[in-house]
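To start, the structure under review is shown below, and the notes come after it.
The analysis underlying the following values was restricted to heavy atoms, covering all of them including side chains, and did not include hydrogens, waters or symmetry mates.
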Amino acid sequence: MTMTDENGTAATAEVSAAKSAARHPVPERTAAGVPASPATIDAEVWPGVAHAPSGTKALVAGKAAGLLFKAAVRRLPLRVAYPDGSVLGTGGPDAPVMTMLRPAAFEVRIGDNGLIGLGESFMAGDWEASDLAGVLEVFAASVDTLIPAPLQRLRTLYLPRTPRQERNEEHNTRSNISRHYDLSNELFSNFLDTTMSYSSALFPLSDGALDSVPWDALAEAQQAKIDRLLDKAGVGSGTRLLEIGTGWGELALRAAARGATVYSVTLSSEQRALAQERIAAAGYADQVTVALQDYRAVEGEFDAVVSVEMVEAVGYEYWPIYFQTIDRVLAPGGKVAIQAITMPHGRMLATRNAYTWVHKYIFPGGFLPSVRAIESVTQQHTTLRVRERMGLGDHYAATLRLWEEQFIARSQEVGGLGFDAVFQRMWLFYLCYSRAGFQSGYLDVQQIVLDRREAQL
């Protein structure tokens, strides 16, 4: 995870400061269980959050943004409650409620930084929500119409661009990855299940049943997701498997249990250390190699390649290299199975140069592909072809709900690791922001199977 200043330049010292800060008292919590923002925020740790933008330009932009925001929410199915008692929106009594505490600060933040300001204003405590994912789902469902079309066409003139140092060039990629995955294994263990799987699960349920799936079903559903990918890639006894993106080792463990020999690559030293511990404890150290290595540097030949939610971290410009690498190392007759978070193709094209709150605070250098983009890249740059795919966006929404509930329940433990209230609000916003994307249909996640059958005809 990365923090950046208002100019979009990386300020990774914020992460280090947040991680190594003296342990904080347990933050006060709102009625929804969300850590309440402290009265004062450390500007050295959170320079983009501690103070709302000021000055004439910011005030003018804030006034304009406030008018646009109010015009947009007046027609949305939610309720936006202001300190003066006014309520905007078309939502009824059961609609999600966005409660404005400091509307002027909220407006200058979104006026200065658009949707980045929306997230920063929540981190700062300018607004609250009893159902944060519900509020964000309404915005996600209306993303194409929130801003008038003429202003959308001008977005490249006023929105921040991706800093050069966050592009996924080979010398930057490890830094981008470590800023999220090297925060703390203990942090992730506080909201992940026992498999330490940080990707969508696959539940034996569908439709409304996913809305109430319990926590104790998650570990088995994560293993079901992995097993389906391994089955589709044909992984069994004697298979030489390449895994791109180790995570904390659960897929490598389950592949080794089938008798496969696994070569897994990661750029996270924290994940690698714990994965190796887990693999050794299970007795598979002789079958599994976990290398701290960029995927582009992989050599050799493999019967199968599996990669779970890794392509999102590759970056738009590098998708051809990612799939060319897989193509290069895949043995004749081999199969590929990937799990990828996707977005609609039109939205992907419209946002491919955008720098968002998620880039600034969560995944520097990341970008979500569309299914069409994956098909196009593989057709143009490789001999691989998409053979099968299955969408499981509703399953990701359920997975994220369980992570969110667990993260809130473990607030005291997270605070004990040195992560303050602003960090916890940031992380909760990220989980709810993601869940809203899947619940609204703005995002999906696909299991995609590729092989070379067409090239062999």
Q: Walk me through it: do Gln223 and Thr195 pass the test side chain to side chain donor-acceptor pair (under 3.5 Å)?
A: CA-CA 8 Å; Gln223 292 174 335; Thr195 70; over 6 Å; no
Q: Evaluate the criterion side-chain contact (heavy atoms from CB on, under 4.5 Å) for residue pair Tyr396 and Leu443; output intermediate values, then yes/no.
A: CA-CA 10 Å; Tyr396 218 152; Leu443 301 179; over 6 Å; no
(Q) If you apply the rule salt bridge (charged side-chain N to carboxylate O under 4.0 Å, His left out), what do you find for Arg254 with Glu243, and how did you get there? (A) CA-CA 12 Å; Arg254 295 190 74 78; Glu243 180 188 22; over 6 Å; no
Q: Let me see the working for Tyr322 and Ser307 under side chain to side chain donor-acceptor pair (under 3.5 Å), right down to the final yes or no.
A: CA-CA 11 Å; Tyr322 172 79; Ser307 186; 2.9 Å; yes
**Q.** From CA spacing to verdict: ring pair (Phe, Tyr, Trp, His ring centres under 6.0 Å), Tyr361, Tyr430
**A.** CA-CA 9 Å; Tyr361 287 98; Tyr430 150 57; over 10 Å; no
Q.
Please evaluate residues Phe429 and Leu136 with respect to the criterion side-chain contact (heavy atoms from CB on, under 4.5 Å), reporting the C-alpha separation (whole Å), side-chain torsions for both, the decisive distance (0.1 Å), and the verdict.
A. CA-CA 9 Å; Phe429 189 87; Leu136 295 175; 3.9 Å; yes
Q: Check the pair Arg389 / Ile374 against side-chain contact (heavy atoms from CB on, under 4.5 Å), numbers first and verdict last.
A: CA-CA 11 Å; Arg389 60 185 179 89; Ile374 291 173; over 6 Å; no
Q: Take Leu202 and Met390 through the side-chain contact (heavy atoms from CB on, under 4.5 Å) test and state the conclusion after the steps.
A: CA-CA 11 Å; Leu202 177 59; Met390 180 183 74; 4.1 Å; yes
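Closest heavy-atom contact between Ala201 and Leu218: CB-CD1, 3.8 Å. Ala233 approaches Ala337 most closely through the heavy-atom pair CB-CB, 4.0 Å. Across Ile110 and Gly117, no two heavy atoms sit closer than the pair CG2-C, 3.9 Å. Of all heavy-atom pairs between Leu118 and Trp127, the closest is O-NE1, 3.4 Å. Across Ile341 and Glu312, no two heavy atoms sit closer than the pair N-OE2, 2.6 Å. The minimum heavy-atom distance linking Ser199 with Val308 is given by the pair OG-CG1, 3.5 Å.
Screening residues 274-289 for salt bridge (charged side-chain N to carboxylate O under 4.0 Å, His left out) gives Glu250-Arg278 as the qualifying pairs, with residues at least two apart or on separate chains.
For Glu220, the CD atom is loosely surrounded, since the number of other residues' heavy atoms within 6.0 Å does not exceed 12. Within 6.0 Å of NE2 on His51 lie no more than 12 heavy atoms contributed by other residues, nucleotides or ligands.
Counting only heavy atoms from C-beta outward, the side chains of Leu115 and Trp357 never approach each other to under 4.5 Å. Within the 4.5 Å cutoff, the side chain of His395 has no heavy atoms near those of the Phe438 side chain. Inter-residue side-chain proximity for Thr246 and Gln271 is flagged as unmet; no heavy-atom pair is nearer than 4.5 Å. At least one side-chain heavy atom of Leu253 sits less than 4.5 Å from a side-chain heavy atom of Ile279. Two residues are said to be in side-chain contact when any heavy atoms from C-beta on lie closer than 4.5 Å; Met426 and Val49 fail this criterion. Side-chain contact between Pro320 and Gln380 is absent, with no heavy-atom pair separated by less than 4.5 Å. Within the 4.5 Å cutoff, no side-chain heavy atoms of Phe423 are placed close to those of Leu417. Contact annotation: the side chain of Trp403 approaches that of Leu192 to within less than 4.5 Å [non-hydrogen atoms, C-beta and beyond].
Distance alone, capped at 3.5 Å, is enough to place a donor-acceptor pair between the Gln287 side chain and the Ala260 backbone. Between the side chain of Arg109 and the backbone N or O of Phe122, no donor-acceptor pair lies under 3.5 Å. The backbone N or O of Ala354 sits nowhere less than 3.5 Å from a side-chain atom of Thr351 that would complete a donor-acceptor pair. Arg385 places a side-chain N or O within 3.5 Å of a backbone atom of Thr378 that can act as its donor or acceptor partner. Ser142 contributes no side-chain N or O that, together with a main-chain N or O of Phe139, makes up a donor-acceptor pair within less than 3.5 Å. Looking at Ser197, its side chain never comes within 3.5 Å of a backbone N or O of Asp193 through a donor-acceptor pair. Remark: side-chain polar atoms of Asp451 are not paired, donor with acceptor, to backbone N or O of Lys335 under 3.5 angstrom. In this structure, the side chain of Ser189 engages the main chain of Glu186 through a donor-acceptor pair within 3.5 Å. With hydrogens and angles ignored, the 3.5 Å screen pairs a side-chain donor or acceptor of Arg328 with a backbone N or O of Val298. The main-chain N or O of Thr383 is found under 3.5 Å from a side-chain atom of Asp327 such that the two form a donor-acceptor pair.
For Glu128 and Arg425, the salt-bridge test passes: some basic side-chain N is under 4.0 Å from an acidic carboxylate O. With respect to Asp211 and Arg401, no salt bridge is recorded, no charged nitrogen being found less than 4.0 Å from a carboxylate O. Salt-bridge check for Arg435 with Glu405: failed, with every basic side-chain N at 4.0 Å or more from each acidic carboxylate O.
If you look at Trp427 and Phe419, their ring centroids are not closer than 6.0 Å.
Note that NZ of Lys225 is 10.5 Å distant from CG of Leu230, once rounded to the nearest 0.5 Å. Atoms CG and CG, from Leu330 and Leu450 in turn, are 9.5 Å apart once rounded to the nearest 0.5 Å. Note: Ile448 CD1 to Glu375 CD = 7.5 Å, rounded to the nearest 0.5 Å. Atoms CD1 and CD, on Ile226 and Gln339 in that order, are 9.0 Å from each other to the nearest 0.5 Å. Tyr295 contributes atom OH, which lies 5.5 Å from atom CD1 of Ile321 (distance to the nearest 0.5 angstrom). Note: Lys232 NZ to Gln447 CD = 9.0 Å, rounded to the nearest 0.5 Å.
For the residue pair Gln424/Ser411, the side-chain donor-acceptor check at 3.5 Å is satisfied.
Aromatic ring orientation, Phe191 versus Tyr198: perpendicular (interplanar angle above 60°, classes split at 30° and 60°). Taking the six-membered ring where tryptophan is involved, the planes of Tyr316 and Trp319 are perpendicular, since the angle between them exceeds 60° and thus also 30°.
Partners of Ala331 by side chain to side chain contact (heavy atoms under 4.5 Å, CB included), not counting sequence neighbours, listed by chain and number: Arg240, Glu301, Asp303.
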